[in-house]
Amino acid sequence: ACSGPTGGSGATPSSAPGGSAPSGGPLKVAVVSHGTPGDAFWNVVKNGAEAAGKELGVEVQYQANGDPAAQAKSIDNAVAQKVGGIVVSMANPDALRDSIAKATQAGIPVVTINSGEQRSTEFGALMHVGQNEGIAGEQAGKKLKDAGKRKLLCVIHEAGNIGLTQRCDGAERGFGTTQKLQVDISNPTDALARLKGALQADPSIDAVLTLNPQVAGNAVSAAKDTGGKAQVATFDLNSDVVAAIKSGDVLFAVDQQQYLQGYLPVVFLKLYKDNANTVGGGRPVLTGPGFVEKSNVDAVGRNADRGTR
Amino acid sequence: MTASMPDPASRSGVLLETREVGKSFGSVIALNGVSTVVNAGEVTCVLGDNGAGKSTLIKILAGAHQHDTGEFLIEGEPVRLSSPREALDRGIATVFQDLAVVPLMSVWRNFFLGSEPRKGWGPFSWLDSAKARATTKKALSEMGIDLRNVEQPVGTLSGGERQCVAIARAVHFGAKVLILDEPTAALGVKQAGVVLRYVAQARDRGLGVVLITHNPHHAYPVGDRFLLLKRGRSLGCFDKADISLEELTRQMAGGAELEALEHELRGMGS
Amino acid sequence: MTASMPDPASRSGVLLETREVGKSFGSVIALNGVSTVVNAGEVTCVLGDNGAGKSTLIKILAGAHQHDTGEFLIEGEPVRLSSPREALDRGIATVFQDLAVVPLMSVWRNFFLGSEPRKGWGPFSWLDSAKARATTKKALSEMGIDLRNVEQPVGTLSGGERQCVAIARAVHFGAKVLILDEPTAALGVKQAGVVLRYVAQARDRGLGVVLITHNPHHAYPVGDRFLLLKRGRSLGCFDKADISLEELTRQMAGGAELEALEHELRGMGS
Amino acid sequence: MALAVQGDDERVARVGLADRLVSRPELGSVLGALAVFVFFSVLTDQFLSPMGVANWLDDSSTLGIMAVAVALLMIGGEFDLSAGVMTASTALVTAILATQLGWNTWLALLVSLVFALGVGALNGWLVMRTGLPSFIVTLGTFLALQGLNLGITRLVTGSVQVSGMREAEGYESAGYLFASTVDVGGTSFPISIVWWVLAAAVGSWVLMRTRFGNWIFAVGGAAPSARAVGVPVVRTKILLFMTTAFAAWLVGSINILRFTTVQANQGIGLEFQFIIAAVIGGCLLTGGFGSAIGAAIGALIFGMARQGIVFAQWDSDWFQLFLGIMLLAAVLVNNAFRRRAERAKR
Amino acid sequence: MALAVQGDDERVARVGLADRLVSRPELGSVLGALAVFVFFSVLTDQFLSPMGVANWLDDSSTLGIMAVAVALLMIGGEFDLSAGVMTASTALVTAILATQLGWNTWLALLVSLVFALGVGALNGWLVMRTGLPSFIVTLGTFLALQGLNLGITRLVTGSVQVSGMREAEGYESAGYLFASTVDVGGTSFPISIVWWVLAAAVGSWVLMRTRFGNWIFAVGGAAPSARAVGVPVVRTKILLFMTTAFAAWLVGSINILRFTTVQANQGIGLEFQFIIAAVIGGCLLTGGFGSAIGAAIGALIFGMARQGIVFAQWDSDWFQLFLGIMLLAAVLVNNAFRRRAERAKR
Ligand SMILES: Nc1ncnc2c1ncn2[C@@H]1O[C@H](COP(=O)(O)OP(=O)(O)OP(=O)(O)O)[C@@H](O)[C@H]1O
Ligand SMILES: Nc1ncnc2c1ncn2[C@@H]1O[C@H](COP(=O)(O)OP(=O)(O)OP(=O)(O)O)[C@@H](O)[C@H]1O
Ligand SMILES: [Mg+2]
Ligand SMILES: [Mg+2]
């Protein structure tokens, strides 16, 4: 494999990317995300990265922490390990600036995923894969507006989670007046009851956007129990949501194809190391948002259970 | 308190006996080679300084501790009681020095704690609380304690009333042997009199009684036998005939040694 | 323990005086109209049953409780001590019945707890631990307690040793008045003798001493004045000349009433 | 016999009378529940509508089942921080066995029950055996279970949730027991409300009317004294830990059968809600005092407040603040009541 | 004088000797730290590299600062569940004042310090005033602060994070104190490590060498006894709560100046890590026993294990499981040590 310093991307001030990796052994890639451990969305990212690692013979190591300080420390850890590449999601870019700088200074190529695309180049990242939670939310909002909805309820299932807040804010941009509701993902009974309560309290709500497939299931029950006027859209899939899309209970699921946000960076880093390829030419590689609707649910749905959609 | 007398055959029998019983806690030897007997229809008094091991001895008799050395016999049979429950089941009821009441629980619940009367079948049995309340009220009023309300938490009773609850409980459940650890310590003279009268009564009903006290004036009138302990060892076990009240008092206060001290203090005094 | 005598002028002075002092806890009247004096160079003994209010009285003297009624005077000046700290600052040191030691802390830390010797300036001062250790060791060895190690937690000492730590501390910090609540209860006869000798010594140095005990044999040799309490009320305050040991013993055991009881018990006995 | 010694102790002064009323542990919670109920009934229209009522009863129900068990444990003088995650662990065991191994739902539920009781017994055994505070022991099992939940779920399914219960054999019959709804006047009430009422009733009955209940008060109030009069302290406490685990299994089963899917990180943080409900219901954190009914009402306050806030369309950002203030207020009021009661009775 | 009464108590049998060694509270944590250190040094290459060392020292540092303060509080017999969120609250106050109101960083830090000390004093005052367990009181402030953090952040910024500290006036100088790095042999170590060592040193010094330290042990070991000999119990305990709050302010300031941004939900759950570090470090949950150095080492174990797991490339899914088992093992070992020590010394 060639490991020449070709610097195809102007974005990296790096020296030899391949050269800094431990000689011999397989490429090591650290993935550092801002999802809390056990988060459904980020689980798919993890699966994507691990699948790519397995296929390409890359050692992938996944760390997740919602606390930006802990995320920064995970990046430092990866730098200390002299990994061959770092994949990081930047929900809170400022907090990660110094750590990412440390990585690029050490000649480790960094790929940003999911959030923080505006700051990606500024921080010296190789490229960005995926797209802002805000944009995903905005498009979902637009789509609901196009469907003729008047009033939207956006459901945040984890208090203070930055990614979820960005999605709801995006939805508001795309849709207009949006009401926000906070539920507790760790207590499904409470989530259901609160959804019902919110729909009852404001009967003018005719659309619900949930950010987690389990909450989507709750929202569907809540909508049915309160008269069935409100329609549900959600982020992410599970088998229940797939069934609900088929039956028309769920209008659509936003599909950020986050599997790719895990998978592609590993491939890109491998290519970069072996072949000095870069992708995107300084612009983000978009993974979505796609929408899973009645029309395409059959094709997509099968994979939700495997943890790849 | 029905005054039914047990059959005379058991009246003179040896109920409890310890032979050279000893007990250590870690490196502390709390009791060492103590022998005594408790006969039916007699009162055995245990006397001694603080820390002499009185409570330790009766905790062995009551199943709260196990002895390390020596032998402990109940009606001639060597035993090793593993829990207070077992002692109770063998008819040995105890009033512990720290009373073993639960302050936040009501009087009647404390009274029957560990020996609750039940109604119903098997796992679906429930407390016969009406009976428990009535029995508690009766047992206490027989001791001269007339509580307004047996639902009152024990923690709200005065020390003396609390003591009476514990004693009434032991008398109620004590089939053969009644053990009282300093029952009169928290009591005024009048109540102490009632307790001593109780002891005498239990003795007359044929129970064996073990009475612990600091006060020779309380022990002497009711006792038949006096076990003197000092720092975990026995100073001897005297029958009432062999010892006078004055001698008992002197022994307990460490009389001889004190007299010497008294002289010395007078000498150096102002 | 330097043997410097205070000037004779203060020797016969009244150090502490209570006039009809009373104290209630919620609805419990623990103390009611108790008067006594503590003179320099004299020992005032407080005697009484359990729960008589002895500890409550000396806690008022020691600043741990405040009296509700009556007057409390220190050297003629009416006061109301708000904390044990204040009492200590006025030269009144106390050995509480529950000892007021912290079991998990080392001996020397306990000894100086609340009155730590310090080096350095203002907020940056630190414990003079070398001095504290040496002082502790010296004060204890003067009491005849030779600890291997003053770093040992107090909780690992025997009850007697623990008592001696508390007493040595009080003697060390007691400038004018020394109050001892049942100091001999946990002690064997020998150690009790040492404590009584200490009391006598403190008295001879001109301190006023308040001694509480259950044991008239301990009280009589050293006491100059005897305050008898019963159920929160004073039975009287006697000078040594006015009362004999026998009378004192009888009073404490509730003698007269007991004699009546004794007759009764004999009558019904076996 | 009966020489009249009588309670006329001259040392006891006046005794308050009206104060006798305030000595029930659940009094504070009943008043609190009334206040919250009236407040939201007046403030919002939907709160008193049949559907609104069903809504807050539903929310209170699973919390209430746990609160009753946790209250029993707390009265028994112990703590269980692992109770929240246990609701997820039991659901996960059931779901994995039923969906991944294809077991019959009933069998899966049974194994999950055995698992729960085992964890409860382990908690109790560790606490009793080592003499360590239950806070630290159950904090350990809390963390361990949390790790197991995530690790095993990912290992088995590759995702962080297990779903598909609906297809499992025996789902219908089990669902009927744990997850059906009961129609009352056109509004459907989930059956978990029945379980909640049942738990409160059984808990109260056990506590007040059985020998075991007597023992619970005793081991929490004064364990050495209880042992001295023949109460099997170790057995009682271990059984209490197992009761909490059983309740967690019940709630886990209700959840998995009702929602047919379970997330690996479910249940985290709920342990505090259980404790808060029990404390609002009048349980003493230090043991020996409290009531099962009180805890159930504490859960009701919780549910009403939580849904009332939604009905009133308040910003849910402030919910935690409200919760914290409610907790502080509740314990202060309970505390004041108890002090008055104690003062009155001295 | 000195009549030789002497310690020859015939009732005390043999006394163990070698057992004297095991009576230091921090012994368990030192051994644990050594074990973890050796284990990961052998297992992975990078663990001992300068950057690796910087990494786990960094991770341990802020945790260690808090652990020392929490250990002091725990030795003083109290608990603070609000300590975790406090690290976020103080950072938020600083950030909002500096970025939204444009205050000078130093002034913002000062106000935030006053806020922290106020909350600490409130915690302490409530606990001492009401006599309630600190668990329940600080659970209340924990919830209230959590709500305030979220509510106020969203109110002021419309999002759940505050950023832009770098542009604030005085950022440079303040950052120098709290968030700079120190180069040692080409590797940069964050200055928080210095703060951590300082906290451990000051904590130990206060605990072992000052009068206040003596009082901490006393109020935790036996508060009534301490009061009886003239220790100001209330003042000591309130000061301990304020110390914890001060440490939270220090950590909050380090975080906000280093990362220049703070999220509203930061810090939640960390309170358990502080408590765990203190307990691993040998502090007794019931008070009166423990060491500041031990807590600092407990944090070190935590940091080494957390980063070591990453170095060893273990699956992070199982981290919590590992943590739970480590906690249980640590307390069991500490407990066994202490029992042996006590048995030996009886
Ligand atoms: N559980 C225990 N662990 C260690 N030592 C103990 C224990 N129980 C008692 N001891 C010790 O054993 C000795 C005897 O104690 P015991 O309670 O039997 O004395 P006592 O004669 O009842 O004294 P008192 O008159 O004060 O009640 C004491 O030195 C005590 O410290
Ligand atoms: N803090 C308190 N709260 C309520 N009641 C109290 C308190 N302290 C003491 N009492 C009560 O006051 C009365 C007198 O108690 P005190 O401790 O003074 O007795 P004592 O003479 O020292 O007895 P002993 O010989 O047992 O030490 C007792 O009835 C006791 O229950
Ligand atoms: Mg005893
Ligand atoms: Mg007393």
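Since this is a predicted model, take the numbers as computed values, not measurements. Residue numbers begin at 1 in each chain, while the letters A, B, ... track the order of the sequences.
Each of D/Ile268, D/Leu150, D/Leu270 has some count of heavy-atom pairs under 4.5 Å with chain A, and the biggest count is that of D/Leu270. The choice from A/Glu50, A/Arg194, A/Lys196, A/Gln182 that makes the most heavy-atom pairs within less than 4.5 Å of chain D is A/Arg194. Most heavy-atom pairs under 4.5 Å with chain A, from the set D/Gly52, D/Ser61, D/Ala264: that is D/Gly52. The greatest number of non-hydrogen atom pairs below 4.5 Å with chain D, out of A/Val183, A/Ile156, A/Asn212, is found for A/Asn212. Ranked by heavy-atom pairs under 4.5 Å with chain D, the first of A/Lys46, A/Lys180, A/Gln179 is A/Lys46. The greatest number of non-hydrogen atom pairs below 4.5 Å with chain A, out of D/Gln320, D/Gln273, D/Gln307, D/Arg166, is found for D/Gln307. In terms of heavy-atom pairs under 4.5 angstrom with chain D, the leader among A/Val44, A/Asp225, A/Leu192, A/Thr36 is A/Leu192.
Interface remark: A/Thr226 contributes backbone and side-chain atoms alike to the contact with chain D (heavy atom separation under 4.5 Å). Contacts of D/Arg154 with chain A are made by side-chain atoms alone, with heavy-atom separations under 4.5 Å and no backbone atom involved. Only the side chain of D/Thr62 comes within less than 4.5 Å of a heavy atom in chain A; its backbone stays farther off. For A/Asp202, the parts lying near chain D are the backbone and the side chain together; criterion is any non-hydrogen pair under 4.5 Å. When heavy atoms are compared at a cutoff of 4.5 Å, D/Asp315 does not approach chain A at all. For D/Gln161, the part sitting under 4.5 Å from any heavy atom of chain A is the side chain, from C-beta outward, and nothing else. Heavy-atom distances place no part of D/Gln146 under 4.5 Å from chain A, backbone and side chain included. With a threshold of 4.5 angstrom between heavy atoms, A/Ala198 approaches chain D through its backbone and through its side chain. Contact annotation for A/Asn238: both backbone and side-chain heavy atoms come within less than 4.5 Å of a heavy atom of chain D. Only the side chain of D/Ser49 comes within contact range of chain A, with at least one heavy atom under 4.5 Å from a heavy atom of that chain. The part of D/Gln313 that comes within reach of chain A is its side chain, from C-beta onward, which places non-hydrogen atoms under 4.5 angstrom from that chain.
Remark: A/Lys54 NZ is loosely packed, at most 12 non-hydrogen atoms of other residues, nucleotides or ligands lying under 6.0 Å away.
Nearest heavy atom pair, residue A/His157 against residue A/Val215, reads CB-CG2, 3.9 Å.
Checking side-chain atoms of A/Ser89 against main-chain N and O of A/Ser33 turns up no donor-acceptor pair under 3.5 Å.
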task: Starting from the C-alpha separation in whole Å, work towards a yes-or-no answer on side chain to side chain donor-acceptor pair (under 3.5 Å) for A/Thr234 and A/Thr210.
output: CA-CA 5 Å; A/Thr234 184; A/Thr210 65; 2.7 Å; yes
task: Please step through salt bridge (Lys or Arg N to Asp or Glu O under 4.0 Å) for the pair A/Asp206 and A/Arg150, ending with a clear verdict.
output: CA-CA 6 Å; A/Asp206 55 3; A/Arg150 289 247 156 69; 5.7 Å; no
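Remark: aromatic rings of D/Phe178 and D/Trp195 are close, center separation under 6.0 Å.
Relative ring orientation between D/Phe47 and D/Trp56 is described as parallel, the plane-to-plane angle staying below 30° on a 0-90° scale split at 30° and 60°. Using cut-offs of 30° and 60° for the angle between ring planes, the D/Phe246 and D/Trp249 rings count as tilted.
In this structure, D/Arg258 forms no cation-pi arrangement with D/Tyr171, as its terminal cationic atom is not both closer than 6.0 Å to the ring centre and no more than 45° off the ring axis.
Interatomic distance, CG of A/Asn47 versus CG of A/Asn43, reported as 4.5 Å (0.5 Å rounding).
Each of D/Asp59, D/Asp58, D/Asn255 was evaluated against A/Thr189; a single residue qualifies, D/Asn255, per the side chain to side chain donor-acceptor pair (under 3.5 Å) test.
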